[in-house]
Amino acid sequence: MATSAPRPHPPGVFCWSELATKDAKAAAEFYTALFGWAVSENPTDMGPYYVFKLDGDDVGAAYDERAEEGHPHWNSYVAVANADESASRAAELGGTVIAPPFDVFDMGRMAVLRDPAGAFFSLWQAKKNVGAMRKNEPGTLCWNELATTDVAGSEKFYKALFGWTAKKGTAPPGEYIEFHNKGEAVGGMLRIQPEWGSVPPHWLPYFAVVDCDASADRASENGAALHVPPTDIPQVGRFAVVRDPQGAAFAIIALREAA
């Protein structure tokens with residue numbers, strides 16, 4: 001029986017997570033050990049592009065960051081209907097277009113942006129490649145969270161750019177805002193706290209796990225550092241913030257429903 005092609009993610013939804021690092025091959029070994037991913041190495045003009053797979057489905061990727069001043073980090077992609085229009089709109093709203101829209105072969109069209117407060121993110125207009133083929137289950141992307149120095153300004157920017165709505169709540173040490181896309185919660189936002197040190201505004205991906213403590217232990221055993229040890233979020237689940245052996249930050253969470 002023929003299988004149907006993956007459906008594109010709705011505009012305004014996070015659709016892909018991509019690790020820019022200094023040694024993608026070593027990073028792939030770390031993440032496959034942590035999440036049970038398989039890896040497909042794809043040669044490109046810029047070097048190998050490692051696609052992470054869960055049971056054969058694409059769930060993320062990694063590549064070697066060539067810029068000397070760059071630091072390992074996860075890139076967060078948002079699905080859009082038209083990358084050119086969204087990039088232009090972002091610039092009108094005070095964002096910066098770091099990489100103007102360009103085609104990625106016949107896979108899709110993308111752009112790299114920076115919001116007015118300084119957080120980087122990317123746009124993805126799907127063609128043959130929709131991005132992540134699975135989400136919101138163990139071993140896959142389930143949440144994206146913006147840490148920023150300008151909560152009010154960032155809320156205004158993303159609402160105008162993607163049509164998101166904001167739901168305000170509370171979370172220690174201060175206010176937490178959920179972004180919703182046509183009624184679906186797609187991400188969150190909180191203010192960078194003084195005790196975090198010189199942390200720049202950034203988007204942080206969350207990957208779902210079955211057992212947060214066991215996954216945090218496994219990450220530590222394989223050379224990662226825990227910036228936030230396993231911690232309960234009432235009514236949500238248990239999470240930890242991890243910095244991989246090369247320095248890229250990400251979070252893991254055992255959602256209450258999956259516990």
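Start at 1 with the first residue, then count along the sequence. These numbers come from a predicted model, not from an experiment.
Other residues, nucleotides and ligands contribute at most 12 non-hydrogen atoms within 6.0 Å of the NZ atom of Lys156. Summarising the local packing, NZ of Lys127 is surrounded by more than 12 heavy atoms from other residues, nucleotides or ligands at distances under 6.0 Å.
The ring pair (Phe, Tyr, Trp, His ring centres under 6.0 Å) with Phe207 is formed by just one residue from the set Tyr31, Trp143, Trp37; it is Trp37. Remark: of the listed residues His71, Gln246, Glu65, His73, Gln246 is the sole one forming a side chain to side chain donor-acceptor pair (under 3.5 Å) with Thr21.
With respect to Glu221 and Arg218, no salt bridge is recorded, no charged nitrogen being found less than 4.0 Å from a carboxylate O. Remark: Asp84 engages Arg109 in a salt bridge, criterion side-chain N to carboxylate O under 4.0 Å. Under 4.0 Å is where a charged nitrogen must lie from a carboxylate oxygen, and between Glu29 and Lys25 no such pair does.
Val59 and Trp16 fall into different hydrophobic clusters, defined by Ile, Leu, Val, Met, Phe, Trp and Tyr side-chain heavy atoms under 4.5 Å apart, directly or through other members. Hydrophobic clustering places Phe52 together with Val209 (ILVMFWY residues linked when any side-chain heavy atoms are closer than 4.5 Å, directly or through intermediates).
Across every non-hydrogen atom of Gly12 and Val186, the tightest pair is O-CG2, 4.1 Å. Scanning both residues, Ser154 and Leu146, for their nearest heavy atoms gives CB-CD2, 3.9 Å.
Asp232 places no side-chain N or O within donor-acceptor distance of the main-chain N or O of Pro234, the cut-off being under 3.5 Å. Formation of a donor-acceptor pair under 3.5 Å by the Asp64 side chain with backbone atoms of Ala24 is found in this model. Judged by distance alone, with hydrogens and angles left aside, the side-chain atoms of Gln125 form no donor-acceptor pair with the main-chain N or O of Val80 at under 3.5 Å. Ser86 places no side-chain N or O within donor-acceptor distance of the main-chain N or O of Ala83, the cut-off being under 3.5 Å.
Side chain to side chain, Tyr50 and Asn42 fail the donor-acceptor criterion of an N or O pair below 3.5 Å. Between the side chains of Asn75 and Ser122, no donor-acceptor pair of N or O atoms lies under 3.5 Å.
The distance between the ring centers of Trp203 and Phe121 does not fall below 6.0 angstrom.
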